[in-house]
Amino acid sequence: MQHDRVRAECRSRLQRRDQRAQRVGANRLVVGGAVEQVDGVDQQRVDVGGGHRLAKRRDLLTGIHARLPGARVLVEDLDRLRAALDPPRDRLRRPAGGGDVGADQHRLRLGSTCMRVRFAPSPTGALHVGGARTALYNWLLARGGGGTLVLRIEDTDRERSTSENVEQILEALQWLGIDFDEGPISQVARSERHQELLQQLLDAGHAYRSSATKAEVDLFKAQHGAHRGFRGEDEGSGAVRLRVPDEGESVVHDVIRGGATFAHVHLDDPVIARADGSVLYNFAVAVDDMDAAITHVVRGEDHLSNTARQLLVLEALGAAPPIYAHLPLLHGADGKKLSKRHGAASVQEFRDLGYLPEALKNYLALLGWGAEDDETILSTEELAERFSLERVSKNPARFDHQKLRWMNGRYMRALPVQQLTERLEQFTGRSGLRAAVEISHEKMQTLADFEPLAGFIFDGPADDPKAREKWLDEDGRAVLADVHAALEPLQQFTLENVQEALEGVLAARAAKPKQVFQPVRVALAGTAVSPGIFETLVVLGRDESLARIERALRV
RNA sequence: GCCCCCAUGGUGUAGCGGUCAGCACGCGGCCCUUUCACGGCCGAAGCGGGAGUUCGAUUCUCCCUGGGGGUACCA
């Protein structure tokens, strides 16, 4: 109930924000004209909602305005904004925490109660770890601050989108424990609404139909210079293009990057709908984010350039843009964009490799973000509590499987035996694993490590010729015979009595521990690697252990 | 080609004008030790280059170089 009220309040605030932006007639800064020196500082003319001001060039570029959501584009706020800019850094980096109402507190207030974020995967393949990280960051943001997470399926690419992929994505998110509050919303299901707004843009002259081909676009640019974006003619038919003004520039205010400035003159009039009327990504995203009242768009950096186009769509629609945060991309070990070639890339591959979802989340969270106190192992709850966009790194990160393995091992070891047993039973499809898990608990880094380490307990000794050769030679078998003799009289195996027995052999032969234990290990496990030898004997039990030793003796 | 973004050890990062440049993975050594792990200790390893601002730059500005992304009637 409380929640609904908060949401209703948010919605109306956002609506008021949009209306105000519409009334004033501007929702973004238009920067134009020469840079001039005023008081030794580069300043530039900025048109804001019909008026204009001089603003510090540096501030425009660093996108400080993005810190004042809903206020950043309005004339009456500019003075306040500028007043808040000095000194900018202290205010922007961390919440002041005092009574001072700075830009950050503004942002945080909106962020904590009204934040509406979304994860919008395209079902053209399985969910990739890069996508998973984006989903995770959005989820952490929403969960950490009582916000709302919307799941939207961007399926406007009819050729490549499949329902199987949608299933896969949903399944991967579920496995990760990433849930959402609204959706999944199918983008194609909203086509009626898209048509409506598309027509609105056409009617208002913000968009036009053109049948210009790629070659014609290239020709245009060749004629008008490489820096010049394509401008078409309204031909009344063909694909729908958005009209981009030549003058001015669009500034993407980005919480992570500051600002990215795109001069309009460089931009082509983007195609926003196909000739058949079906809408394209840049249009659909803008509309859907607007309709869903998304406040923060957190997505991969590969979308950064497109954001300028989306800003233009939003402006034509008369809507205020959300706050953006473009995450650095994930790379493989070779520094190239992560793909199938780098081994595991999809979430289910990591699941099948024996990784724990909580470990994967922890690792992914730390890829491109760091807690203030350098903490490395953070539970999902701790992550949600501490995560902040401001601390997201700007650099692309390489995916390091080794570190993931290490981290996964930490999580496995932290798990109570019973829980780990359940996970392993699910992973392997076996049952009755508890005793075996107990003795191999400390030795695994992934669930998949269990079989090679302890599978012999259930499947009989493995076949490792090298180990046999080395440890079951004549000496080894002599040792085994002694061990058998020492173990045989024991009624029942316990940790104490097997240890006593083996140490007896050790003492009698005046041998090194290794010389006694390794042959036994190979007899029991078939390999030179296994859980502790006493523990293994106990888990295997008297009869099975003796039988295996006898068998080793026989060959 | 054009546009945009980025730049601290091998990797992920901390740093926000004065630090012995911190942490983690990995790597090397030692210890523990019945194998493998785990754990503990120690160590090697970094501010891409050049100008500028400054008493002082890893930190601010510019240029270069390098990397990445975009440039689709894909998302």
Side-chain angles (χ1 to χ4, degrees), chain A residues 42 58 89-90 93 120-124 154-157 159-161 187 211-214 217 221-222 225-229 238-241 252 254 256-258 260-263 266-268 270-276 278-282 284-285 300-309 326 328-329 331 333 335-337 363 366-377 391 393-400 402-407 409-410 413 440-445 449 453 467 471 502 506 512-518 520-522 525 527-534:
Chain A
D42 283 351
R58 192 198 61 196
R89 310 205 76 170
D90 302 339
R93 280 310 178 119
S122 168
T124 53
E154 307 222 314
D155 48 7
T156 49
D157 184 344
E159 254 123 74
R160 296 192 300 154
S161 300
Q187 204 158 44
S211 55
T213 61
K214 170 97 170 85
V217 172
K221 290 206 258 193
H227 303 251
R228 183 70 163 80
V240 180
R241 281 183 189 268
V252 178
D254 189 294
I256 297 169
R257 272 152 231 287
T261 305
F262 296 85
H266 296 311
L267 262 31
D268 293 338
V271 176
I272 55 175
R274 300 181 177 93
D276 68 7
S278 58
V279 297
L280 258 27
Y281 171 72
N282 282 128
V285 196
E301 200 207 316
D302 47 342
H303 293 278
L304 183 54
S305 302
N306 283 138
T307 305
R309 296 171 240 283
H326 288 94
L329 261 20
H331 289 175
K336 300 277 192 255
K337 197 174 168 180
Y363 177 69
L366 255 35
L367 255 195
W369 173 83
E372 278 168 75
D373 52 9
D374 270 339
E375 225 33 80
T376 305
I377 303 291
R391 291 188 64 84
S393 156
K394 294 194 264 261
N395 315 344
R398 294 183 189 214
F399 196 95
D400 183 357
Q402 290 203 97
K403 188 160 184 173
L404 208 212
R405 261 190 82 78
W406 164 80
M407 192 174 275
R410 288 282 302 250
R413 266 167 263 128
S440 38
H441 197 31
E442 302 280 294
K443 298 171 185 292
M444 297 177 282
Q445 299 215 288
D449 287 348
L453 180 70
W471 296 108
L502 289 199
L506 200 59
K512 287 186 188 162
K514 203 194 289 198
Q515 291 173 302
V516 173
F517 297 135
Q518 282 303 81
V520 180
R521 191 185 309 283
V522 177
T527 71
V529 177
S530 82
I533 200 68
F534 308 135

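Here is how names work: the chains are called A, B, and so on, in the same order as the sequence lines, proteins then strands, and each is numbered from 1.
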query: Among B:G68, B:U35, B:C25, which is the nearest nucleotide to the side chain of A:Lys403?
result: B:C25
message: Please give the distance between the P atoms of B:U13 and B:A51 as a whole number of Å.
response: 30 Å
task: Measure from the side chain of A:Ile533, starting at C-beta and using heavy atoms only, and say which of B:C73, B:U34, B:U13 lies closest.
output: B:U34
- prompt: Do you see a donor-acceptor pair shorter than 3.5 Å between the side chains of A:Arg405 and A:Gln402?
  reply: no
- prompt: Given atom CD of A:Gln402 and atom C1' of B:G12, what is their separation to the nearest angstrom?
  reply: 13 Å
statement: Of the listed B:G39, B:G12, B:U34, the closest approach to the A:Leu367 side chain comes from B:G12
- request: Using atom NE2 of A:His266 as one end and atom P of B:C5 as the other, report the distance to the nearest whole Å.
  value: 11 Å
task: For A:Phe534, report the nucleic acid contact type (base, sugar-phosphate, nothing); a contact means any heavy atom under 4.0 Å.
output: base
message: Strictly distance-based, threshold 3.5 Å: is any side-chain N or O of A:Asp254 a donor or acceptor partner for the main-chain N or O of A:His326?
response: yes
- prompt: Roughly, in whole Å, what's the span from NE2 in A:His331 to P in B:G12?
  reply: 10 Å
- line: By nearest-nucleotide position on RNA chain B, the 5'-leaning member of A:Lys514 and A:Trp406 is A:Trp406
- request: Report yes if a donor N or O on one partner sits less than 3.5 Å from an acceptor N or O on the other, where the partners are the side chain of A:Lys443 and the base of B:C38; otherwise report no.
  value: no
field: Complement of B:G39, any strand, by Watson-Crick or G-U distances under 3.5 angstrom
entry: B:C31
statement: The nucleotide from B:G39, B:C3, B:A14 with an atom nearest the side chain of A:Arg413 is B:G39
query: Taking atom P of B:C23 as reference, at what distance in whole Å does atom CE of A:Met407 sit?
result: 17 Å
field: Atom pair distance, as rounded to whole Å: CD1 in A:Ile272 and C1' in B:C74
entry: 16 Å
task: Could you tell me the separation between the CG atom of A:Asp374 and the P atom of B:C25, rounded to a whole number of Å?
output: 12 Å
message: Using a heavy-atom cut-off of 4.0 Å across all strands, would you classify A:Ala275 as base, sugar-phosphate, or nothing?
response: base
Distance, rounded to the nearest Å, where A:Ile377 contributes CD1 and B:U13 contributes C1': 15 Å
query: If we call it a pair only when both distances are under 3.5 Å in a Watson-Crick or G-U wobble match, what pairs with B:U13?
result: B:G22
query: Taking a pair as Watson-Crick or G-U wobble with both distances under 3.5 Å, which nucleotide is matched to B:A51?
result: B:U61
query: Shortest non-hydrogen contact from A:Gln187 to A:Ala284?
result: NE2-CB, 3.3 Å
- prompt: Which one, B:C3, B:A75, B:C73, comes nearest to the side chain of A:His227?
  reply: B:C3
query: Of the nucleotides B:U13, B:C25, B:G69, which has the atom closest to the A:Ala397 side chain?
result: B:U13
- line: The answer to which of A:Pro328 and A:His303 contacts RNA chain B further toward the 5' end, by nearest nucleotide, is A:Pro328
message: It should be established whether A:Arg405 places a side-chain nitrogen or oxygen under 4.0 Å from OP1 or OP2 of nucleotide B:U11.
response: no
query: Does A:Trp369 offer a backbone N or O that forms a donor-acceptor pair with the side chain of A:Arg391 under 3.5 Å?
result: no
message: Need one value for A:Thr156: base, sugar-phosphate or nothing, where a base atom within 4.0 Å counts as base even if backbone is also close, heavy atoms only.
response: sugar-phosphate
query: Got a donor-acceptor contact below 3.5 angstrom from the A:Ser161 side chain to the A:Asp157 backbone?
result: yes
- request: Quote, to the nearest angstrom, the P distance that separates B:U58 from B:G52.
  value: 14 Å
message: Tell me if a side-chain donor or acceptor on A:Gln515 pairs with a main-chain N or O of A:Lys512 at a distance below 3.5 Å.
response: yes
- prompt: Out of B:C4, B:G15, B:G26, which has the shortest distance to the side chain of A:Ala260?
  reply: B:C4
message: Measure CH2/A:Trp471 against C1'/B:C36 and give the value in whole Å, please.
response: 13 Å
- prompt: Ion pair present between A:Glu301 and A:Arg257, side-chain N to carboxylate O less than 4.0 angstrom?
  reply: yes
- prompt: When we call it a touch if two heavy atoms are under 4.0 Å apart, what does A:Arg160 touch: a base, just sugar-phosphate, or nothing?
  reply: base
task: Select one nucleotide: of B:C3, B:A7, B:U34, the one nearest the side-chain heavy atoms of A:Lys394.
output: B:A7
query: For A:Ser305, which contact category applies under a 4.0 Å heavy-atom criterion: base, sugar-phosphate, or nothing?
result: base
query: Looking for any heavy atom pair under 4.0 Å, which part of the strands does A:Ala226 touch: base, sugar-phosphate only, or nothing?
result: sugar-phosphate
task: Establish whether the base of B:U11 is bridged to the side chain of A:Arg398 by a donor-acceptor pair shorter than 3.5 Å.
output: no
message: Any donor-acceptor pair, under 3.5 Å, between the side chain of A:Asn306 and the base of B:A75, if you only look at N and O atoms?
response: yes
A:Asn395, nearest nucleotide to its side chain (from B:U34, B:G26, B:U13): B:U13
message: Check the phosphate of B:C74 against A:Arg274, side-chain N and O only, distance under 4.0 Å to OP1 or OP2. Yes or no?
response: yes
query: B:U34, B:G68, B:C4: which one has an atom nearest the side-chain heavy atoms of A:Glu301?
result: B:G68
field: Partner nucleotide, any strand, of B:G1 [Watson-Crick/G-U, under 3.5 Å]
entry: B:U71
- prompt: What nucleic acid atoms does A:Leu280 come within less than 4.0 Å of, heavy atoms only: base, sugar-phosphate, or nothing?
  reply: sugar-phosphate
- prompt: Taking atom CG of A:Asp268 and atom CZ of A:Arg241, what is their separation to the nearest 0.5 Å?
  reply: 7.0 Å
Same-atom distance (P) from B:G15 to B:G39, integer angstrom: 27 Å
- request: May I ask you to say what A:Gly238 touches in the nucleic acid, namely base, sugar-phosphate or nothing, with a heavy-atom cut-off under 4.0 Å?
  value: nothing
- prompt: Mind checking the C1' distance from B:G10 to B:C47? Whole angstroms is fine.
  reply: 16 Å
- prompt: How would you label the contact of A:Phe262 with the nucleic acid (heavy atoms, under 4.0 Å): base, sugar-phosphate, or nothing?
  reply: sugar-phosphate
- prompt: Base, sugar-phosphate, or nothing for A:Arg228, non-hydrogen atoms under 4.0 angstrom?
  reply: nothing
message: Mind checking if A:Glu154 touches a base, just sugar-phosphate, or nothing, with heavy atoms under 4.0 Å?
response: sugar-phosphate
- request: In whole angstrom, give me the gap between the C1' atoms of B:C6 and B:C20.
  value: 30 Å
task: Return the minimal non-hydrogen interatomic distance between A:Met407 and A:Leu366, and the atom names on each side.
output: CE-CD2, 4.0 Å
message: Need one value for A:Ser530: base, sugar-phosphate or nothing, where a base atom within 4.0 Å counts as base even if backbone is also close, heavy atoms only.
response: base
